[in-house]
Amino acid sequence: VQLQASGGGLVQAGVSLTLSCAASGRSFRDYAIGWFRQAPGKEREFVGAIGSSGSAPHYAGSVKGRFTISRDNAENTVYLQMNSLKPEDTAVYYCAADYNPFTSWSSRWEEGGMHYWGKGTQVTVSS
């Protein structure tokens, strides 16, 4: 599966922004999709992940309550809706995929244990 994140940009603190992760390939619904971010000079950070069809997303504590992940299997797309953005959310955001049709959550996803990675999209939040 190939992934492409899009929708980044320069925004002011407090606004909302929605990123998209478009996937190509078959059986998209059998893939868990994760969102990660990497700020300059920092390690890559788990943002959240959504398992295969019907499973509830999991989020990092730093974004829980502000970010929402959803998926549209008909469109082979996963979305990351980001509300109440803060300057510390500034980073390159990546989406990644793991073929896993039977598991709603795996802790290894939080550690970046995904097989396929897309190119990132830059999100910059100004204060």
Side-chain angles (χ1 to χ4, degrees):
V1 63
Q2 293 182 322
L3 306 167
Q4 179 64 59
S6 63
L10 171 62
V11 297
Q12 290 189 328
V15 303
S16 299
L17 191 65
T18 298
L19 305 183
S20 300
C21 175
S24 62
R26 298 182 294 180
S27 304
F28 172 74
R29 65 176 62 248
D30 292 334
Y31 286 82
I33 304 294
W35 284 97
F36 299 81
R37 65 187 182 185
Q38 188 165 20
K42 295 187 177 181
E43 293 187 352
R44 184 179 63 199
E45 176 188 19
F46 171 78
V47 174
I50 186 168
S52 54
S53 301
S55 56
H58 287 72
Y59 301 96
S62 59
V63 306
K64 196 170 185 178
R66 297 190 298 124
F67 289 13
T68 302
I69 297 174
S70 61
R71 65 189 300 159
D72 184 339
N73 289 333
E75 296 294 329
N76 280 17
T77 302
V78 170
Y79 301 98
L80 177 66
Q81 181 179 347
M82 305 183 292
N83 298 329
S84 303
L85 282 163
K86 306 175 181 180
E88 50 264 44
D89 294 318
T90 294
V92 177
Y93 284 72
Y94 301 88
C95 59
D98 182 50
Y99 179 76
N100 206 320
F102 305 115
T103 303
S104 61
W105 168 250
S106 173
S107 59
R108 63 183 177 83
W109 296 340
E110 202 167 4
E111 302 300 322
M114 295 209 162
H115 291 110
Y116 306 97
W117 291 80
K119 294 181 179 179
T121 184
Q122 175 72 47
V123 174
T124 303
V125 184
S126 62
S127 57

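Count residues from 1 along the sequence.
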Under the side-chain hydrogen bond (donor to acceptor under 3.5 Å, both in side chains) rule, what pairs show up with a residue in residues 38-48, not counting sequence neighbours?
R37-E45, E45-S62
Who passes side-chain hydrogen bond (donor to acceptor under 3.5 Å, both in side chains) against Q2, sequence neighbours left out?
none
Pair listing, disulfide bond (SG atoms under 2.5 Å apart) test, anchored in residues 71-127, at least two apart:
C21-C95
Using the rule that two of Ile, Leu, Val, Met, Phe, Trp, Tyr join whenever any of their side-chain heavy atoms come within less than 4.5 Å, decide whether I33 and Y79 are in one cluster.
no
Evaluation steps, side chain to side chain contact (heavy atoms under 4.5 Å, CB included), between W35 and V78
CA-CA 9 Å; W35 284 97; V78 170; 3.6 Å; yes
Those residues that, when tested against S70, pass side-chain hydrogen bond (donor to acceptor under 3.5 Å, both in side chains) (two or more places apart)
none
Would you say R29 and S52 make side-chain contact, with heavy atoms under 4.5 Å?
no
Salt bridge (Lys or Arg N to Asp or Glu O under 4.0 Å) partners of residues 99-111, not counting sequence neighbours, each pair once:
D98-R108
Which residues pass the salt bridge (charged side-chain N to carboxylate O under 4.0 Å, His left out) test with E88, sequence neighbours left out?
none
Write out all pairs satisfying side-chain hydrogen bond (donor to acceptor under 3.5 Å, both in side chains) with one or both partners inside residues 16-28, taking only residues at least two apart or from two chains.
S16-N83
How is the hydrophobic cluster of L10 composed, in terms of its other members, when Ile, Leu, Val, Met, Phe, Trp and Tyr link through side-chain heavy atoms under 4.5 Å apart, directly or indirectly?
none
Could you list the residues that satisfy side chain to side chain contact (heavy atoms under 4.5 Å, CB included) with E75, not counting sequence neighbours?
D72, T77
side-chain hydrogen bond (donor to acceptor under 3.5 Å, both in side chains) against T103, all qualifying residues, sequence neighbours excluded
N100
In terms of heavy-atom contacts, P87 and S127 come closest through CG-CB, 3.8 Å
Given a cutoff of under 4.5 Å between side-chain heavy atoms of I, L, V, M, F, W and Y, with clusters grown through shared members, what are the other residues clustered with V92?
F36, F46, Y94, W105, W109, M114, W117
I need the minimum non-hydrogen distance between V1 and A23, along with the two atoms involved.
CG2-CB, 3.8 Å
Testing the basics here: between V47 and V63, what is the closest heavy-atom pair and its distance to 0.1 Å?
O-CG2, 3.4 Å
What verdict does the side chain to side chain donor-acceptor pair (under 3.5 Å) test give for Q4 and S6, after you've listed the backbone C-alpha separation in whole Å, the side-chain angles of each residue and the deciding distance to 0.1 Å?
CA-CA 7 Å; Q4 179 64 59; S6 63; over 6 Å; no
Does T90 reach the side chain of Q122, with side-chain heavy atoms less than 4.5 Å apart?
yes
I want to check a possible cation-pi pair here: R71 against F28, using under 6.0 Å from ring centre and within 45° of the ring axis as the test.
yes
Where at least one partner belongs to residues 96-127, residue pairs that pass disulfide bond (SG atoms under 2.5 Å apart), sequence neighbours excluded:
none
Pairwise side-chain contact, T68 with Y59, heavy-atom cut-off 4.5 Å (strictly under)
yes
In the structure I gave you, are the side-chain heavy atoms of Y31 and Y116 within less than 4.5 Å of one another anywhere?
yes
